[in-house]
Amino acid sequence: MAEGSSGGEKTEKPTDKRLRDASEKGDVLQSKELGTALVVMAGMVWIALAGPAIMEAMAHMLVEGLRFDQNDVLNFTPATRAYELLGLIALPIGGIMAATIIAAIAAPAMLGSLGFRAKAFAVKPEKLNPFTGLKRIFGVQGLIELVKSLAKVILLGTIGFWVVWDRLEAIVAMGQTGTRPALMELGSLFVVACLTMAGALFVIAGIDIPAQILQRSKRLNMSKQDLKDEHKETEGSPELKGMVRRRQYEMLNNSVRKSISEASVVITNPTHFSVALRYRPGEDAAPLVVARGRGETALAIRELAGEKGVPLLQYPELARAIYYTSRAGQVINEQLYMAVATVLAFVFRIENKMASEMDRPHIEVPGDLRFDADGRKKS
């Protein structure tokens with residue numbers, strides 16, 4: 001179904017298929033604010049918890065980097081030296097990277113959008129059209145994004161200014177303290193400012209996510225004609241169904257079609273096997289297999305039986321047992337007499353309104369006549 005299909009006002013909610021198709025093409029629920037907030041929060045929490053360890057590791061690296069002896073001068077290997085120094089800060093710095101990567105993955109996971117979608121990487125000519133891009137930039141959506149960006153800048157700028165202003169005296173006093181206390185105060189101010197801004201981003205995300213949900217729902221809404229077209233694609237058009245039915249009829253010759261119309265019951269697997277049985281008291285010594293088939297032939301037998309009003313009953317084990325022990329034109333295996341007689345008696349009671357589907361009997365197939373779909377006997 002084409003994305004831009006016409007057919008009236010799009011007043012209907014998107015179906016599961018439309019939502020699934022849109023997701024496969026990369027049209028999923030997203031929120032940049034939520035992702036940014038989670039990444040900033042995760043990084044700042046790690047820095048707040050491991051800040052002293054990070055500072056100690058960096059100080060140790062600096063000391064080791066400035067210390068050298070005669071061996072370093074005579075056998076200087078820059079690569080080895082660099083690896084040794086970087087190893088001193090690998091764990092604390094690696095922790096920050098791990099925390100932010102996990103947060104970046106968590107954001108789409110929280111929105112149900114996590115996953116790889118190959119169709120999202122397909123080349124889309126309409127997105128290469130400069131006029132489409134200009135329309136997107138200067139259109140209503142572009143204006144909304146501009147307002148959102150300005151609001152974020154103003155809000156975060158105000159929060160940052162407030163945090164700095166609130167601790168202005170401590171900042172001024174840094175010049176009168178030692179280097180280490182000043183660095184600790186600066187680090188504390190940085191962490192507080194970032195955590196506060198991350199909290200503000202969460203507030204913005206709380207507003208942005210419902211808006212994104214509404215926009216996506218509106219974008220994917222369907223008209224009544226869209227629903228009809230999708231139903232045709234899913235269920236098949238009447239023309240396609242007619243072609244399938246003709247093909248099924250062609251698979252059955254005239255004599256088989258006549259035999260099925262005279263059948264007493266058709267027992268199915270319910271999808272892979274079908275056997276049509278006939279039993280006429282006084283004429284047939286035992287139930288006779290008038291047609292049998294699997295796959296498309298089984299489907300054709302079921303379709304024709306449904307049109308002719310022949311009762312259809314689902315007994316998987318019994319259907320396979322008859323299929324693998326009897327051919328068309330033969331009576332059923334004598335070990336199945338009792339099971340088939342029970343089915344025929346139930347059909348008789350149904351036809352005479354003496355029973356309902358709720359009274360369907362349980363059928364036991366002899367153990368040595370139980371087959372799987374490939375004809376192998378079950379143990």
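Nothing fancy with the numbering, it's 1 onward along the sequence.
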*asked:* If you compare all heavy atoms of Arg292 against all heavy atoms of Thr297, which two are closest, and at what distance to 0.1 Å?
replied: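 That would be O-CG2, 4.2 Å.
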*Scan residues 273-324 for pairs that pass ring-ring contact (aromatic ring centres under 6.0 Å, His included), counting only residues two or more places apart or in two chains.*
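As it turns out, the ring-ring contact (aromatic ring centres under 6.0 Å, His included) pairs with a partner in residues 273-324, which skip direct neighbours, are Phe273-Tyr323, Phe273-Tyr324, Tyr324-Phe371.
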*Show the numbers, then the answer: is there a side-chain contact (heavy atoms from CB on, under 4.5 Å) between Val310 and Leu304?*
CA-CA 8 Å; Val310 179; Leu304 184 58; over 6 Å; no
Is there a continuous path of hydrophobic side-chain contacts, each under 4.5 Å between heavy atoms, that joins [X] to [Y]?
X: Leu313; Y: Ile301; value: no
X: Phe346; Y: Ile322; value: yes
X: Val347; Y: Ile260; value: no
X: Ile89; Y: Tyr83; value: no
X: Val266; Y: Phe348; value: no

Less than 4.5 Å apart, any side-chain heavy atom of [X] and any of [Y]?
X: Val289; Y: Val331; result: no
X: Asp368; Y: Gln335; result: yes
X: Gln314; Y: Asn269; result: no
X: Ile350; Y: Pro311; result: no

Write out all pairs satisfying salt bridge (charged side-chain N to carboxylate O under 4.0 Å, His left out) with one or both partners inside [range], taking only residues at least two apart or from two chains.
range: residues 266-286; answer: Glu262-Arg280, Arg278-Asp284, Arg280-Glu283
range: residues 28-44; answer: Glu33-Lys152
range: residues 43-57; answer: Glu56-Arg180

*What residues, two or more places apart in sequence or in another chain, satisfy salt bridge (charged side-chain N to carboxylate O under 4.0 Å, His left out) together with Arg360?*
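For Arg360, the residues satisfying salt bridge (charged side-chain N to carboxylate O under 4.0 Å, His left out) (neighbours in sequence not counted) are Glu357.
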*For Ser356, enumerate each residue passing the side-chain contact (heavy atoms from CB on, under 4.5 Å) test, keeping only those at least two apart in sequence or located in another chain.*
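Checked Ser356 against side-chain contact (heavy atoms from CB on, under 4.5 Å); matches are Met358, Asp359.
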What distance separates [X] [atom1] from [Y] [atom2], expressed to the nearest 0.5 Å?
X: Leu214; Y: Arg219; atom1: CG; atom2: CZ; result: 11.5 Å
X: Thr36; Y: Phe202; atom1: OG1; atom2: CZ; result: 10.0 Å
X: Leu38; Y: Met110; atom1: CG; atom2: CE; result: 5.5 Å
X: Ile332; Y: Thr325; atom1: CD1; atom2: OG1; result: 8.0 Å
X: Ile154; Y: Ser149; atom1: CD1; atom2: OG; result: 11.0 Å
X: Leu299; Y: Glu303; atom1: CG; atom2: CD; result: 5.0 Å

